[in-house]
**Student:** 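Right, I'll just put the structure down here and ask away after.
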Protein chains: 2
Amino acid sequence: MQTGPDYFLDDIEPDMCFETGAITLDEADIIGFAEGFDPQYFHTDPDAARGSAFGGLVASGLHTLCVTLRLFFDLKLWPRSIIGSPGMDEVRWTQPVRPGDTLSGTVVVTAVRRSRSKPDRGIVTTRHETYNQAGEAVFSALCLHMVRVRDAMPVETAGDPDSGL
Amino acid sequence: MQTGPDYFLDDIEPDMCFETGAITLDEADIIGFAEGFDPQYFHTDPDAARGSAFGGLVASGLHTLCVTLRLFFDLKLWPRSIIGSPGMDEVRWTQPVRPGDTLSGTVVVTAVRRSRSKPDRGIVTTRHETYNQAGEAVFSALCLHMVRVRDAMPVETAGDPDSGL
């Protein structure tokens, strides 16, 4: 299993910045995803897509979002301390993603706020920006993460992905 | 091909409301999606998930989002006039989605704004709410859609999904 920083809330500070790995999307990836979740013709039919505003097949924005977050999860910033995600804000698609494009991104911590009502946890806000191989920004979003503080985590509910618990 | 209202911007007004169909997610669906895009243990490992804050396997929030939008696209509200989506705001996961849950939702038009710089199009804002079979709200979001006005759409770039263009 790939290792990562394995942070708890105590370890995370605003302005921390991370670079993700990269994923290349081919035409089959784009069509396969879109047939499952976003079967609009400019995501599923290369011929019909030529008549769209994009001038050719483009990835579903949901696909770009999912790839962006897959690259983020692969950083394993807080795999044991994550409780869940409350949501996302300011999700924006800024350039089309086409077959053969290679996506990678940056993740910046923009806020860390400890809960007053549940002091064993807090909310981390991250800003995600995703780029293609030409360096063009194709996607951005703010994501919220509920993360445990280190000393509040009993072993029996640690949820360590390696422990089999 | 399923038919739908096939609206253009001119046809769309605030407070229009639509009900989606339904999709049931089983354990294999949840694990399969998560292995591709969100391989956190509480989405991929039923045994390990028991030790998580969720107490069992839950769907990735990205999966719930993608299913929500699949149900929306299946309504075919504006399949020919859609240009693309600028983004989403206020994405919120409010209850976990578990194996066997059946999701369905509502879509309400909250704003329609014609572009001043490009009068052949405008932005439609929709509010999406997704429920499980018990009627609990599991997800909500605001989605933006760039949609053409009817008389601004030349036939040669119509992008009619049935025309093969």
Side-chain angles (χ1 to χ4, degrees), chain A residues 33-34 36-42 44-45 47-55 58 60-63 65-70 72-74 76 79-80 82-94 96 121 139-144 146 148 156-165, chain B residues 33-34 36-42 44-45 47-55 58 60-63 65-70 72-74 76 79-80 82-94 96 121 139-144 146 148 156-165:
Chain A
F33 183 97
F37 299 109
D38 187 354
Q40 301 186 91
Y41 71 99
F42 38 78
T44 59
D45 184 334
D47 291 331
R50 279 190 219 109
S52 75
F54 301 111
V58 296
S60 166
L62 295 175
H63 198 179
L65 164 62
C66 287
V67 164
T68 293
L69 289 178
R70 170 66 198 240
F72 165 71
F73 293 127
D74 283 348
K76 297 189 183 300
R80 286 192 299 153
I82 184 71
I83 297 174
S85 171
M88 299 187 294
D89 290 290
E90 298 176 30
V91 176
R92 291 295 179 271
W93 293 286
T94 48
R121 63 191 62 183
F139 176 81
S140 62
L142 292 173
C143 294
L144 307 175
M146 188 177 291
R148 283 193 188 85
E156 65 269 25
T157 59
D160 181 338
D162 295 324
S163 73
L165 280 177
Chain B
F33 183 97
F37 299 109
D38 186 354
Q40 300 186 91
Y41 71 99
F42 38 77
T44 60
D45 185 334
D47 291 331
R50 279 190 219 110
S52 75
F54 301 110
V58 296
S60 167
L62 295 175
H63 197 180
L65 164 61
C66 287
V67 164
T68 294
L69 289 179
R70 170 65 198 241
F72 165 71
F73 293 128
D74 283 348
K76 297 189 184 301
R80 287 192 298 154
I82 184 72
I83 297 173
S85 172
M88 299 186 295
D89 289 290
E90 299 177 28
V91 176
R92 292 295 180 272
W93 293 286
T94 49
R121 64 191 63 184
F139 176 81
S140 61
L142 292 173
C143 293
L144 307 176
M146 188 177 292
R148 282 192 188 87
E156 66 269 26
T157 58
D160 180 341
D162 295 324
S163 73
L165 280 175

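Labels below follow one simple rule: chain letters A, B, ... track the order of the sequence lines, proteins then strands, and each chain is numbered from 1.
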**Student:** Testing the basics here: between A/F73 and B/P39, what is the closest heavy-atom pair and its distance to 0.1 Å?
**Tutor:** CB-CD, 4.4 Å
**Student:** Mind ranking B/G84, B/S85, B/S60 by heavy-atom pairs under 4.5 Å with chain A and telling me who comes out on top?
**Tutor:**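 With the most close heavy-atom pairs to chain A, the winner is B/S85.
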**Student:** How long is the span from the OH atom in B/Y41 to the CZ atom in A/R80, to the nearest 0.5 Å?
**Tutor:** 10.0 Å
**Student:** Between A/F139 and chain B, which part of the residue has a heavy atom less than 4.5 Å away: side chain, backbone, both or neither?
**Tutor:**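 Contact with chain B involves no heavy atom of A/F139 at all.
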**Student:** Identify the two heavy atoms, one from B/R92 and one from A/D89, that lie closest to each other, and give their separation to 0.1 Å.
**Tutor:**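 Distance-wise, the nearest heavy atoms are NH2-OD2, 3.0 Å.
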**Student:** Would you mind telling me which of A/L142, A/L62, A/V58, A/T94 has the largest number of heavy-atom pairs within less than 4.5 Å of chain B?
**Tutor:** A/L62
**Student:** Given that the side chain runs from C-beta out, which part of B/F42 has a heavy atom under 4.5 Å from chain A: side chain, backbone, both or neither?
**Tutor:** side chain
**Student:** Keeping the roles fixed (side chain from A/R70, backbone from B/A34), state whether a donor-acceptor pair exists under 3.5 Å.
**Tutor:**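 Not a single qualifying donor-acceptor pair exists.
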**Student:** Search all heavy atoms of B/C66 against all heavy atoms of A/F37 and return the closest pair with its distance.
**Tutor:** CB-CD2, 3.5 Å
**Student:** Side chain, backbone, both or neither: which part of B/F72 has an atom under 4.5 Å from a heavy atom of chain A?
**Tutor:**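 Answer is neither: B/F72 stays 4.5 Å or more from chain A.
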**Student:** Of the non-hydrogen atoms in A/I82 and B/Q40, which two are nearest, and what is the gap between them?
**Tutor:** CG2-OE1, 3.5 Å
**Student:** Based on non-hydrogen pairs under 4.5 Å, which of B/S140, B/P86, B/C143 is most in contact with chain A?
**Tutor:** B/P86
